[in-house]
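Heads up, the thing below is written out as structure tokens.
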Amino acid sequence: MKNELLRRVLSWGSTLGLLLFFPIYDSLTSFGARLGFTLFVLALLGAAGILRYFPSKKDEKDGNLTISSFLGIVSLGIYFLRIYLEESALQKGGAAPVWISPVREFLLVILVLFVLGNFFLGMLREWERESLSAQSSLKSSKQGMIRDFLLGTGILLLIVVLANYIATIRNHNFDLSSHGQFSFSLEAKKLLKQIPEGEVDVVAFYPRPLENAPASDKASSLSLRRIRPDLEILLGQLASIHASYKVRFINADVELDELTEFGQVSNGTVLVRFKKKGAVATDKAPEQKISVKDKSDLEEFERKFVQAVVNVTTKERKVYFTESNGERYSQVFQNLPNERLNRLTSGLAFLNFKVSALSFKEGWPPKVPNDTDILVIAGPTVPFGPEARVAVLDFVKKKNGKVMITVEPKGGESFDWLLEEAGYRFVKTGFSQIPSQPGVIVTKAFRKHPIEETLSKKDLGVVFPYAGYFEAKTSEGNQKQFDAFPLLDSGGDAYLDPNQNGKQDPGEEKKNAPVALVLQTFVKGRNSPADMVPGAPPIPSVPNPAEGEERGRVVIYSGTSWLTDQYLPFAANYELASASATWMHQSLSLPSIPPRKEEVQSVSLTDGQKRAVWILGMFVFPGLIAGLGSIYVIRRRRIGRKDED
């Protein structure tokens, strides 16, 4: 009797222990607690399997019990093997090895099948035991046994539902979708774990699936309600990746009392904000917004989200604006409201940049402060002297410095002394696109680049007024010191308009020329995946820095007015300015994070294959089933006749 009771306790206990293992193990933080809980579950599974060799008087050896225990122990081994593969991939620099992802997916399928096998074998074992006991019992005993079995099954299902609820709260799930549609990739997890001490608030503004929308916004609200469940699954995993992530969802159309701390927001936006450890409520927390309004936006959401987290959690960086050569940041333009850069500097402060002026007081030129993270030269009107030119070039080449430059076409500084080392020159002219607004163009002609990837409003274009363009020039010998990559072109609708009258006069042709360039110092012998996008043709001239290797970077624009307070709020202007600044110190490879695109592969059958499928379905499979069925029936009849004899 005691042996039978112990058998039943271990049978149910091993099944429950395996089902509860996965959510409880990930909820434990200390190594000792995890090790103790793992050994406890292994002991339950092992003891249940060993009981097979100690049968009760009326039972034979229970083979299902051993098989169930074996499946449970192997499931735990597969689970820890998947953890080991993930941790080893995260510890390696760069992208994870290609073979790890398919191996982990295969192991996940085997893990799920083994856990389900353990569960159903346990249910079958108990059902069989109760059935055998009921055959030799009184009517009242039979009813009690059936009642106990149903009660035990109900308790088991209740515990399974509770475990599923806990797993849902902790967002532990088995993602069996293609390409891990609802999980962060290994590359993303590696970057999301590397955050400093503090708290990362992730606030998603979306309506609930069953909430009614205002009459004026029913169409867009339906799309947002469909997105919210996918985002809840994906963002819910952040708590298991790192304890510093706090995720919440708010309906900006209904929960108006929750919007006080966020300013002007609308549904369809995910806000990422970082609060440093020890910061007070009055301190500005760096934040960044990501726009996700339909299913197609989810394909690039992981890349943009990782980019936003890296931007807001990076340590505060020092940005110097030069002002000794008549730049926009100088005091000369402070009395001209439309020409100031106040909105730009305020926006950089929210991205964890500390802005300061660089003038004669700070020893400029020729000294660039040692704590300079980014040097901004915004539209100088007076040409740089020899000392300033040498200082800028040395800062980029020797110190791997980061410089953002905007050229003022009406000024005297064209930066040809820098561009000629990249094989380009600046052409002073003017563009127009709309007759009513001479000198102003709106361009969407972006090239594939990490700066362009982070722009959510790039479809609106960039308002780019009063600008020239860059032109490639042939250089004698191998004199290039920088690798150049066009970032933005003027677009096919823009035409040259040197007199700025808004009309396309005779001789003024349409010109699609680069208006923004990215320059980087050379690293010989390497090709960079960091500046390339999957599916795009390789760019041979773009180098690939090794892990931890810095490069000098320059982003130069052929106009300055697009950065001023007058034009910065328009279209994607602010996003382009902020993305240019954050990319300067960005060492992660966004294209290495796979897109979340579900690929539906269509299969076309030839006439021969269609004929083979028809023959298999009409003759082979039915014949096989009939033959095997006949063999089974004949064997059963023979066994029955032997029993009768």
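No experiment lies behind these values; they were computed from the predicted model shown.
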Which donor-acceptor pairs under 3.5 Å do side chains of residues 566-580 form with protein atoms, sequence neighbours excluded?
{"residue": "Asn573", "atom": "OD1", "partner": "Val463", "partner atom": "N", "Å": "2.9"}
{"residue": "Asn573", "atom": "ND2", "partner": "Val463", "partner atom": "O", "Å": "3.0"}
{"residue": "Asn573", "atom": "ND2", "partner": "Trp562", "partner atom": "O", "Å": "3.3"}
{"residue": "Asn573", "atom": "ND2", "partner": "Tyr567", "partner atom": "O", "Å": "3.1"}
{"residue": "Tyr574", "atom": "OH", "partner": "Gly347", "partner atom": "O", "Å": "3.2"}
{"residue": "Glu575", "atom": "OE1", "partner": "Ser456", "partner atom": "N", "Å": "3.0"}
{"residue": "Glu575", "atom": "OE1", "partner": "Lys457", "partner atom": "N", "Å": "3.1"}
{"residue": "Glu575", "atom": "OE2", "partner": "Ser456", "partner atom": "OG", "Å": "2.6"}
{"residue": "Ser578", "atom": "OG", "partner": "Tyr574", "partner atom": "O", "Å": "3.1"}
{"residue": "Ser578", "atom": "OG", "partner": "Glu575", "partner atom": "O", "Å": "3.1"}
{"residue": "Ser580", "atom": "OG", "partner": "Tyr557", "partner atom": "OH", "Å": "2.6"}
{"residue": "Ser580", "atom": "OG", "partner": "Leu576", "partner atom": "O", "Å": "2.7"}

Could you go through residues 378-392 and list every donor-acceptor pair under 3.5 Å that involves a side-chain atom there, pairing it with any protein atom two or more places apart or in another chain?
{"residue": "Thr381", "atom": "OG1", "partner": "Gly326", "partner atom": "O", "Å": "3.4"}
{"residue": "Arg389", "atom": "NE", "partner": "Phe384", "partner atom": "O", "Å": "3.2"}

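Checking side-chain atoms of Lys399 against main-chain N and O of Lys397 turns up no donor-acceptor pair under 3.5 Å. Within the 3.5 Å criterion, the main-chain N or O of Ala252 finds a donor-acceptor partner in the side chain of Asn267. A donor-acceptor contact shorter than 3.5 Å links the side chain of Lys428 to the backbone of Gly411. Without hydrogens or angle criteria, Arg343 side chain to Asp565 main chain gives a donor-acceptor distance under 3.5 Å.
Atoms OG and OH, on Ser490 and Tyr495 in that order, are 12.5 Å from each other to the nearest 0.5 Å. Taken to the nearest 0.5 Å, the CZ atom of Arg551 stands 6.5 Å off from the CZ atom of Arg553. Atom-to-atom distance recorded for Phe446:CZ and Lys458:NZ is 8.0 Å, nearest 0.5 angstrom. The CG atom of Leu419 sits 6.5 Å away from atom CG of Leu519, with the distance rounded to the nearest 0.5 Å. Going from atom NZ of Lys367 over to atom OG1 of Thr372 covers 9.5 Å, rounded to the nearest 0.5 Å. Note: Thr269 OG1 to Leu224 CG = 9.0 Å, rounded to the nearest 0.5 Å.
More than 12 heavy atoms of other residues, nucleotides or ligands sit less than 6.0 Å from atom NZ of Lys295.
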Determine whether Lys511 and Phe431 satisfy the following criterion, side-chain contact (heavy atoms from CB on, under 4.5 Å), listing intermediate values before the conclusion. CA-CA 9 Å; Lys511 186 79 171 180; Phe431 284 101; 3.9 Å; yes
Going through the distances and angles, do Arg447 and Glu452 end up as a salt bridge (charged side-chain N to carboxylate O under 4.0 Å, His left out)? CA-CA 7 Å; Arg447 304 284 187 94; Glu452 171 265 344; over 6 Å; no
For Leu393 and Trp417, run side-chain contact (heavy atoms from CB on, under 4.5 Å): C-alpha distance rounded to whole Å, both residues' side-chain angles, the deciding distance at 0.1 Å, then the answer. CA-CA 9 Å; Leu393 292 174; Trp417 48 271; 4.0 Å; yes
Any chance you could lay out the side-chain contact (heavy atoms from CB on, under 4.5 Å) test for Arg273 and Glu261, step after step, and finish with the verdict? CA-CA 11 Å; Arg273 176 182 291 177; Glu261 58 177 307; 3.5 Å; yes
Show your reasoning for whether side-chain contact (heavy atoms from CB on, under 4.5 Å) applies to Leu234 and Phe305. CA-CA 11 Å; Leu234 187 61; Phe305 180 78; over 6 Å; no
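Scanning for side chain to side chain donor-acceptor pair (under 3.5 Å) contacts around Arg226 gives an empty result, with sequence neighbours left out. Every residue was checked against the side chain to side chain donor-acceptor pair (under 3.5 Å) condition with Arg340, not counting sequence neighbours, and none meets it. Applying the side chain to side chain contact (heavy atoms under 4.5 Å, CB included) rule to Asp371 yields the partners Lys318, Tyr320, Pro369; only residues at least two apart in sequence or on another chain are considered.
Side chains of Phe470 and Pro486 form no contact here, defined as non-hydrogen atoms less than 4.5 Å apart. In this structure, the side chains of Phe301 and Leu235 come closer than 4.5 Å at one or more pairs of heavy atoms. At least one side-chain heavy atom of Leu231 sits less than 4.5 Å from a side-chain heavy atom of Tyr206. Looking at heavy atoms from C-beta onward, Phe333 lies out of side-chain contact with Thr564 at the 4.5 angstrom threshold. Within the 4.5 Å cutoff, the side chain of Val332 has no heavy atoms near those of the Glu323 side chain. Side-chain contact between Tyr466 and Pro409: absent, with no pair of heavy atoms (C-beta onward) separated by less than 4.5 Å. The side-chain heavy atoms of Pro207 and Arg228, taken from C-beta on, include no pair separated by under 4.5 Å. Inter-residue side-chain proximity for Val555 and Met584 is flagged as met; some heavy-atom pair is nearer than 4.5 Å.
Closest approach of Ser558 and Phe464 over heavy atoms only: OG-CE2, 3.6 Å.
For the side-chain contact (heavy atoms from CB on, under 4.5 Å) with Ile405, the lone residue among Leu418, Thr560, Thr322, Leu375 that qualifies is Leu418.
A salt bridge links Glu339 with Arg328: the distance from a Lys NZ or Arg NE/NH1/NH2 to an Asp or Glu carboxylate oxygen falls below 4.0 Å.
Residue pairs that meet the side-chain hydrogen bond (donor to acceptor under 3.5 Å, both in side chains) test with at least one member in residues 430-444, sequence neighbours left out, are Ser432-Asp497.
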